[in-house]
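So the structure is just underneath, and the comments pick up after that.
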Amino acid sequence: EEMNELSEIAKALDLNDPDVSMIATIAAINSALADGQVSEAERILIHHAASPLGFSDEQFKAIDSALEDGVIDDNERKMLMEIIGGLQNE
């Protein structure tokens, strides 16, 4: 349902796919930060968002490990904020 809404918004704003992906990913991160929980869909979006940001394999493993329990601690919150910052600077 959310993807349909995003698609409609994207059409109305004349956004291309990379823009929509970035917006959806930032929304997923913000949603995870807001409730302190990470859904599987949010985890996948966050993982894909980190890909173009130049994280090392070790950092990727840390991201996945941090998010797999579904609960966000302070260090994970900081990491997610850094991902948002990287996305917004692209």
Side-chain angles (χ1 to χ4, degrees):
E1 184 176 316
E2 288 180 31
M3 282 306 291
N4 287 337
E5 289 177 24
L6 276 176
S7 293
E8 291 300 317
I9 292 169
K11 286 177 192 172
L13 297 176
D14 195 29
L15 298 173
N16 60 32
D17 285 341
D19 291 336
V20 173
S21 294
M22 183 180 71
I23 291 167
T25 302
I26 291 172
I29 293 171
N30 282 327
S31 174
L33 290 171
D35 64 12
Q37 302 290 316
V38 182
S39 71
E40 182 63 14
E42 290 168 343
R43 190 188 66 75
I44 290 168
L45 278 171
I46 293 166
H47 180 89
H48 287 296
S51 297
L53 298 180
F55 287 113
S56 69
D57 287 343
E58 287 180 14
Q59 289 170 311
F60 246 134
K61 288 177 186 173
I63 291 167
D64 285 340
S65 174
L67 299 178
E68 71 185 357
D69 69 355
V71 179
I72 300 172
D73 65 25
D74 289 339
N75 289 334
E76 294 161 352
R77 181 174 299 279
K78 182 180 175 193
M79 173 198 59
L80 292 172
M81 294 301 292
E82 289 173 1
I83 292 173
I84 288 176
L87 287 170
Q88 291 175 333
N89 290 327
E90 280 191 357

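When a residue number appears, it is its place in the shown sequence, counting from 1. All of these numbers come straight from a predicted model, not from anything done at the bench.
With rounding to the nearest 0.5 Å, the separation of CE in Met79 from CG in Asp73 is 8.5 Å. Note that CG of Asn30 is 9.5 Å distant from CG of Leu80, once rounded to the nearest 0.5 Å.
A single hydrophobic cluster is not seen to contain both Val71 and Leu33; linkage of ILVMFWY side chains at heavy-atom distances under 4.5 Å, directly or through other members, places them apart.
When all heavy atoms are compared, the tightest approach of Gln37 to Glu42 is O-OE1, 3.3 Å. Contact detail for Ala32 and Val38: the closest heavy-atom pair is CB-CG2, 4.1 Å.
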